[in-house]
Amino acid sequence: MSTAGDEHAERFTLLRPLLFTIAYEILGSATESDDVLQDSYLRWAEVDLAAVHDTKAYLARLVTRQSLNALRAQSRRREDYVGPWLPEPLLLEDADPSTDVVLAESVSMAMLVVLETLSPDERAVFVLREVFGFSHDEIAAAIDKSTAAVRQMAHRAREHVQSRRKRFEPVDPKLSMEITARFFTAASTGDLDGLLEMLTDDVQWTADSDGKVSAARRPVVGADRVGRVLIGLVRSAGERGRVEPAWYNNAPALKLYLGDSFEGVITIEITDGRISHFYAMRNPDKLTGVDIPREITRSI
């Protein structure tokens with residue numbers, strides 16, 4: 001016979017992938033999502049289970065509130081952030097974006113960057129409504145707003161996101177890695193013309209370092225400029241280190257090493273068979289958990 005503590009743990013563990021996904025999409029940080037889930041579990045362990053009629057709704061509400069508290073604190077810290085802010089790279093246990101296109105888009109770097117432009121409440125409303133399908137009433141209870149206010153926020157957030165995001169295009173992992181391999185070959189051999197053929201005209205390079213390592217503090221835009229940045233970077237790594245293929249946020253990526261030092265993750269966005277964006281995570285504070293595979297889901 002299980003104890004009350006066992007029952008708390010069993011219910012929470014069953015829902016953990018869903019709860020982690022909610023937290024990550026609100027926060028854009030796997031590390032802070034882990035902290036939110038730990039704090040949420042401690043609160044959950046004190047709850048009288050007899051009073052809980054819907055465990056999923058209760059825990060989603062709890063995690064959303066804790067995530068919003070963390071996001072508001074995080075937003076204040078970002079006022080002093082040096083250069084662009086990017087989400088923490090997410091290593092997934094199931095890396096096939098075709099299995100759930102909505103989920104794949106929701107954790108893509110492009111989407112998470114757009115979500116950064118929403119207010120904390122709007123972001124939570126958008127994630128809970130558009131990704132997880134919670135009702136307006138359920139969301140209202142989670143963020144302590146009226147249902148009417150949630151409806152307005154949902155409409156405003158949806159229009160905001162749709163006006164700023166590019167058309168999502170799930171790419172076959174095998175094809176993506178082939179494109180990445182060709183790109184790396186061109187960059188490492190200094191083949192600028194070959195590299196330019198693989199980049200969109202408005203390709204962008206965005207690096208997150210918080211000023212703690214050497215990185216561009218403003219996005220670099222345009223095929224020629226980005227191509228020259230890439231050739232310099234890959235050649236430098238080739239002389240002193242190595243570059244390994246990887247897969248983060250349902251997209252191809254490269255892991256950079258200089259000697260024995262892990263230097264960062266670059267995720268690659270592909271549009272119509274060409275590379276349209278490079279997201280370079282160089283901030284060492286955001287690289288501590290990049291080798292931890294995560295399970296994400298929109299359901300249980």
Side-chain angles (χ1 to χ4, degrees), residues 15-37 60 63-64 67-68 70-71 74 84-118 120 122-134 157-158 160-162 164-173 176-177 180 206 208 246-255 264-271 276-281 283 286-300:
L15 287 163
R16 184 179 177 85
L18 171 69
L19 301 175
F20 175 85
T21 311
I22 291 173
Y24 178 75
E25 295 195 11
I26 292 176
L27 290 167
S29 167
T31 304
E32 292 200 13
S33 297
D34 287 338
D35 293 339
V36 162
L37 261 61
V63 166
T64 296
S67 297
L68 278 173
L71 182 60
Q74 190 185 86
W85 187 99
L86 292 175
E88 284 186 14
L90 188 66
L91 180 63
L92 303 177
E93 290 184 355
D94 180 6
D96 185 355
S98 66
T99 57
D100 187 335
V101 174
V102 172
L103 183 62
E105 179 181 20
S106 70
V107 297
S108 68
M109 280 289 176
M111 174 60 83
L112 290 169
V113 168
V114 171
L115 292 182
E116 282 297 307
T117 62
L118 296 173
E122 286 175 341
R123 181 167 183 167
V125 168
F126 181 87
V127 166
L128 293 176
R129 181 65 180 166
E130 299 298 321
V131 181
F132 299 97
F134 284 95
R158 185 166 54 251
H160 180 96
V161 170
Q162 289 176 346
R164 285 164 175 77
R165 69 179 178 183
K166 295 181 179 179
R167 176 175 58 87
F168 181 70
E169 180 182 322
V171 182
D172 176 77
S176 295
M177 295 310 292
T180 303
T206 304
D208 180 329
W247 191 269
Y248 283 89
N249 294 79
N250 271 317
L254 298 172
K255 296 177 72 175
V265 172
I266 302 173
T267 57
I268 299 171
E269 180 181 278
I270 297 175
T271 305
S276 55
H277 209 133
F278 295 89
Y279 299 95
M281 177 51 65
N283 183 348
K286 295 185 180 182
L287 296 172
T288 57
V290 295
D291 290 326
I292 302 173
R294 311 283 187 166
E295 182 182 357
I296 62 171
T297 185
R298 292 195 298 141
S299 60
I300 56 171

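No experiment lies behind these values; they were computed from the predicted model shown.
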- Task: Locate the shortest heavy-atom distance separating Leu128 from Ile22; write the atom from each residue and the value.
- Result: CD2-CG2, 4.1 Å
- Glu32: what forms a side-chain hydrogen bond (donor to acceptor under 3.5 Å, both in side chains) with it, not counting sequence neighbours? Gln74, Arg77
- Task: Give a yes or no on whether the backbone of Val290 and the side-chain of Tyr248 come within a donor-acceptor separation of less than 3.5 Å.
- Result: yes
- Message: Within this structure, what is the CG-CG distance for the pair Asn283 and Leu86, rounded to the nearest 0.5 Å?
- Response: 10.0 Å
- Message: Go through it in stages, so that I can follow the logic: the residues are Glu122 and Val161, the test is side-chain contact (heavy atoms from CB on, under 4.5 Å), and I'd like the CA-CA distance, side-chain angles, deciding distance and then a yes or no.
- Response: CA-CA 10 Å; Glu122 286 175 341; Val161 170; over 6 Å; no
- Query: How far does CG of Leu115 sit from CG of Leu71, to the nearest 0.5 angstrom?
  - Reply: 10.5 Å
- Say you draw a straight line from CG of Asn249 to CD of Glu105; how long is it, rounded to the nearest 0.5 Å? 13.0 Å
- Query: Taking atom CD of Gln162 and atom CD of Glu130, what is their separation to the nearest 0.5 Å?
  - Reply: 7.5 Å
- Do you know the tightest heavy-atom contact between Ile270 and Pro252? CD1-CG, 4.0 Å
- Message: Quick check: closest heavy atoms across Leu112 and Ser106, and the distance to 0.1 Å?
- Response: CD2-O, 3.8 Å
- Rounded distance [0.5 Å steps], CZ in Phe20 versus CG in Asp34: 5.5 Å
- Note on the structure: Smallest heavy-atom separation, Ala23 atom then Leu37 atom, equals CB-CD1, 4.0 Å
- Residue pair Arg294, Tyr24: steps toward the side-chain contact (heavy atoms from CB on, under 4.5 Å) verdict: CA-CA 11 Å; Arg294 311 283 187 166; Tyr24 178 75; over 6 Å; no
- Heavy-atom distance under 4.5 Å between the side chains of Lys255 and Leu287, does that happen here? no
- Contact check, side chains of Ser299 and Leu18, non-hydrogen atoms, under 4.5 Å: no
- Task: Just do the side-chain contact (heavy atoms from CB on, under 4.5 Å) check on Thr21 and Arg298 with the steps written out, would you?
- Result: CA-CA 7 Å; Thr21 311; Arg298 292 195 298 141; 5.7 Å; no
- Message: Any non-hydrogen side-chain atom of Trp85 less than 4.5 Å from a side-chain atom of Pro87?
- Response: yes
- Minimal heavy-atom distance between Ser67 and Val36, with the atoms involved, is OG-CG1, 3.6 Å
- Non-hydrogen atoms of Ala104 and Asn250 that approach each other most closely: CA-ND2, 3.4 Å
- All salt bridge (Lys or Arg N to Asp or Glu O under 4.0 Å) counterparts of Arg164, not counting sequence neighbours: none
- Task: State which residue, out of Thr271, Thr206, Thr267, fulfils the side-chain hydrogen bond (donor to acceptor under 3.5 Å, both in side chains) condition with His277.
- Result: Thr206
- In this structure, CG of Leu254 is separated from OG1 of Thr180 (nearest 0.5 Å) by 6.5 Å
- For Arg129, salt bridge (Lys or Arg N to Asp or Glu O under 4.0 Å) partners two or more places apart: none
- Item | Arg165 side chain vs His160 backbone, donor-acceptor pair below 3.5 Å | no
- For Ala124, what residues pass the side-chain contact (heavy atoms from CB on, under 4.5 Å) criterion, not counting sequence neighbours? Ile26, Thr64, Leu68, Ile143
- Task: Check ring-ring contact (aromatic ring centres under 6.0 Å, His included) between Phe134 and all other residues, then give those that pass, not counting sequence neighbours.
- Result: none
- Show the numbers, then the answer: is there a side-chain contact (heavy atoms from CB on, under 4.5 Å) between Trp247 and Ser176? CA-CA 10 Å; Trp247 191 269; Ser176 295; 3.7 Å; yes
- Hey, are the side chains of Leu103 and Glu25 touching, using non-hydrogen atoms and a 4.5 Å cut-off? yes
- Item | Partner residues of Glu88 under the salt bridge (Lys or Arg N to Asp or Glu O under 4.0 Å) criterion, sequence neighbours left out | none
